[in-house]
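Along the sequence shown, residues carry numbers from 1. Please read all numbers here as calculations on a predicted model, not as lab measurements.
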Amino acid sequence: MAPKGMVTCPHALASQAGVDVLRAGGSAVDAAVATAAALAVIYPHMTGLGGDAFWLIYDAKSGVVRYLDGGGRAAASASIDWFSQRGMAEVPFRGVLPATLTTPGAVASWGLAHEAYGKLSMQQCLQSAIQYAREGFPITERLAGWIASTRTELAAHAESARIFLPGGQVPVAGSLLRNADLARTLEVVAAEGAAGFYGGTVGAELARFSAAEGGFFTRADLTAQRAHWGEPLQGIYRDVTLYETPAPTQGFTVLQMLNLLEPLELHKHPFLSPDPAHLMVQAKQVAYHDRDRYLADPAFVDVPMARLVSKSHADQRRALMDPARALPWDRVPSYGSLTGDTVYVAVVDAEGNAVSLIHSLYGVFGSAVVAGSTGVMLQNRSAYFSLDPRHPNRLEPGKTPLHTLIASLGFKNGKLWSVVGCMGADGQPQIHLQTYINLIDHGCNIQEALEAPRWLSGRFALGEARDTLHIEARFPQATIDELERRGHLLDRWGAWNELAGHAHGILIDPDSGMRYGGSDPRSDGAAVGY
């Protein structure tokens with residue numbers, strides 16, 4: 001609890017960096033930039049300057065929620081034919097091809113958000129990140145474990161190996177890891193803003209690296225990268241008005257799932273009992289079926305978003321749900337993958353402004369490719385493009401791929417109530433859903449809602465059934481057994497599993513204004529306030 005400002009994210013040191021900026025007089029956006037930049041250094045397996053970002057920003061003075069799209073765009077040379085001519089049926093998950101097929105979008109969004117709402121200089125916002133990159137940051141057990149599990153991919157690229165496998169070894173937990181090249185890149189952004197990243201010396205090195213390695217993006221693609229403002233999605237569940245990020249992100253699925261579930265009155269069922277979990281899994285299946293049919297970059301495809309988030313559409317689709325048995329996957333199919341890593345940042349400042357920010361490289365260490373002397377790990381988000389020329393999410397020049405990244409804000413009686421988000425690729429809407437059901441229907445506080453046992457529906461790897469229901473063992477045994485009896489294909493996890501995602505959030509008491517911050521114990525995070 002804290003009376004003025006609050007930051008929560010998946011690394012305690014990054015949360016502290018954001019609060020330092022708030023204490024220095026910075027805005028919620030300043031603190032979000034500071035936190036995201038610190039995470040880009042100290043949580044490099046999940047985020048970085050080479051990735052994308054999507055924002056919901058609440059301006060307390062005007063009462064307006066704004067959406068900011070920081071998604072990277074496909075290079076001008078990108079084409080389905082390029083891949084088909086080389087016998088490739090999908091964009092590779094790792095390597096230079098996905099690393100350079102889309103441009104990094106996050107830094108452009110930092111610049112645009114800071115230009116609109118920043119109070120401190122970019123230099124002040126990036127100070128902690130620069131210091132951790134230059135002087136070193138402590139490696140957590142989780143980071144050491146992810147470096148070990150990605151060792152082969154990192155070792156395949158000289159700069160990645162030099163930074164993350166010093167001396168050819170996996171660094172041990174508690175040791176310091178430095179990235180002097182990234183410190184210099186951050187100093188350029190601090191001095192020149194986003195323009196220095198895309199068009200200055202950093203941009204020149206990114207383009208040189210891409211050309212030398214046979215990649216896609218060029219200097220022209222980088223300088224053309226822009227973030228842009230848009231309208232968030234809005235829906236109502238019981239007494240809460242929720243905002244989610246729109247296309248090309250999958251935020252609509254959260255609102256659709258809640259629309260499907262609202263008439264089923266989950267609040268009348270006991271917490272963690274079988275019926276809510278069973279029905280939520282089916283709502284996920286129906287919503288993701290719509291996602292995979294329609295969702296793409298709205299600048300290229302007409303996405304019927306108003307219909308997808310309408311109550312009437314949910315009323316029609318609810319007929320597919322079966323209260324007694326699991327839905328056969330071949331009846332209501334959905335695709336995608338639960339594999340993916342991301343960071344989420346929630347900030348509320350002393351004036352009541354808020355930021356809900358999702359920031360990602362997609363896979364663990366993204367493409368596993370560090371771009372030359374920039375110290376920047378490039379993302380692999382372009383692996384989400386379809387190479388089917390008939391699919392709305394097909395690869396096209398200048399297009400943003402379908403994004404699993406989402407962020408949310410909630411309001412009660414017109415007042416800001418919640419700032420909630422998580423990592424987890426296709427798991428993100430499922431975690432949003434479970435967190436809000438915990439908060440709204442079962443009266444959990446923010447920490448209880450985030451710590452509650454979770455399930456995730458879908459697959460993590462090829463060869464795993466698409467309708468696998470992964471479930472933490474802290475659910476009551478009777479619930480787990482009943483879900484299996486109803487036909488769910490269970491993967492019985494242990495009590496805690498990091499694959500269940502890192503969720504974080506802030507609730508604001510409507511009467512006192514007190515900020516309540518929560519942090520997921522599946523991460524290295526902390527809620528920090530003042």
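- Remark: Y243 pairs with F411 by the ring pair (Phe, Tyr, Trp, His ring centres under 6.0 Å) rule, at least two apart or across chains.
- Looking at E472, H488, Q434 one by one, the single match for side-chain hydrogen bond (donor to acceptor under 3.5 Å, both in side chains) with W455 turns out to be Q434.
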Query raised in the report: Do S360 and R381 pass the side chain to side chain donor-acceptor pair (under 3.5 Å) test, and can you show the C-alpha distance, the side-chain angles, and the key distance before you say yes or no?
Result: CA-CA 9 Å; S360 179; R381 181 60 61 176; 3.3 Å; yes
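- The nearest pair of heavy atoms linking P171 to I139 is CB-CD1, 3.2 Å.
- Using cut-offs of 30° and 60° for the angle between ring planes, the F54 and Y67 rings count as parallel.
- Taking 4.5 Å as the limit, every side-chain heavy atom of I406 sits out of range of all side-chain heavy atoms of I358.
- For the atom pair D292 CG and H391 NE2, the distance stands at 6.5 Å (nearest 0.5 Å).
- With a 4.5 Å cut-off on side-chain heavy atoms, S273 and F475 do not count as touching.
- Expressed to the nearest 0.5 Å, how far CD1 of I42 lies from CG of L177 amounts to 11.5 Å.
- A donor-acceptor contact shorter than 3.5 Å links the side chain of R142 to the backbone of R522.
- Remark: of the listed residues I57, V345, L68, V343, V345 is the sole one forming a side chain to side chain contact (heavy atoms under 4.5 Å, CB included) with L357.
- Closest heavy-atom contact between K284 and M257: CA-SD, 3.4 Å.
- Applying the side-chain hydrogen bond (donor to acceptor under 3.5 Å, both in side chains) rule to D426 yields the partners R291, Y384; only residues at least two apart in sequence or on another chain are considered.
- Looking only at distances, a side-chain donor or acceptor of H278 sits under 3.5 Å from a matching main-chain atom of D322.
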Report task. I would like to know whether D290 and H313 meet side chain to side chain donor-acceptor pair (under 3.5 Å); could you show each step before the answer? Result -> CA-CA 11 Å; D290 281 347; H313 180 69; 2.8 Å; yes
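- Looking at heavy atoms from C-beta onward, M46 lies out of side-chain contact with P10 at the 4.5 angstrom threshold.
- The closest donor-acceptor contact from the side chain of D441 to the backbone of L266 lies at 3.5 Å or more, if one exists at all.
- For F164 and H45, the ring centers are positioned 6.0 Å apart or more.
- Atom SG of C422 and atom NE2 of H432 lie 4.0 Å apart (nearest 0.5 Å).
- With respect to the salt-bridge test (charged N to carboxylate O, under 4.0 angstrom), the residues D520 and R454 qualify.
- Taking the charged nitrogens against the carboxylate oxygens, D330 and R466 have no contact shorter than 4.0 Å, which rules out a salt bridge.
- For Y43 and H11, the ring centers are positioned less than 6.0 Å apart.
- With hydrogens and angles ignored, the 3.5 Å screen pairs a side-chain donor or acceptor of R325 with a backbone N or O of R485.
- Closest approach of P44 and F365 over heavy atoms only: O-CD2, 3.7 Å.
- Considering all non-hydrogen atoms of both residues, S356 and L409 come closest at CB-CD2, 4.0 Å.
- Between W493 and P453, every side-chain heavy-atom pair lies at or beyond the 4.5 Å cut-off.
- Residues P401 and S382 share a closest heavy-atom pair of CG-CA, 4.4 Å.
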Query raised in the report: Yes or no on side chain to side chain contact (heavy atoms under 4.5 Å, CB included) for Y237 and I437, after CA distance, side-chain angles and deciding distance?
Result: CA-CA 10 Å; Y237 180 74; I437 293 295; 3.5 Å; yes
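- At distances below 3.5 Å, not a single donor-acceptor pair connects side-chain atoms of E244 with backbone N or O atoms of S408.
- In this structure, I440 CD1 and E262 CD are separated by 9.5 Å, a value rounded to the nearest 0.5 Å.
- Shown here for V419 and A354, the closest heavy-atom pair between the two residues is CG2-CB, 4.0 Å.
- Screening I508, V65, N353, I506 against L416 for a side chain to side chain contact (heavy atoms under 4.5 Å, CB included) leaves a single residue, I508.
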Report task. Apply side chain to side chain contact (heavy atoms under 4.5 Å, CB included) to the pair L255 and M305, showing each step before the final yes or no. Result -> CA-CA 11 Å; L255 302 181; M305 198 58 68; over 6 Å; no
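- The line from NE2 of H403 to CG of D297 is 9.0 Å long, rounded to the nearest 0.5 Å.
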**Report entry** CA sep, side-chain torsions, deciding dist, call: T140, D524, side chain to side chain donor-acceptor pair (under 3.5 Å)
**Finding:** CA-CA 8 Å; T140 64; D524 294 313; 3.0 Å; yes
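- Side-chain atoms of D491 do not come within 3.5 Å of backbone N or O of L469 as any donor-acceptor pair.
- You'll find the ring centres of F93 and Y362 inside the 6.0 Å limit.
- Using a cutoff of 4.0 Å between basic side-chain nitrogens and carboxylate oxygens, E396 and R394 are scored as salt-bridged.
- Here OG1 of T245 is found 8.5 Å from CD of Q428. Values are rounded to the nearest 0.5 Å.
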Query raised in the report: Stepwise, does the side chain to side chain contact (heavy atoms under 4.5 Å, CB included) test hold for V91 with L97?
Result: CA-CA 8 Å; V91 178; L97 298 185; 5.6 Å; no
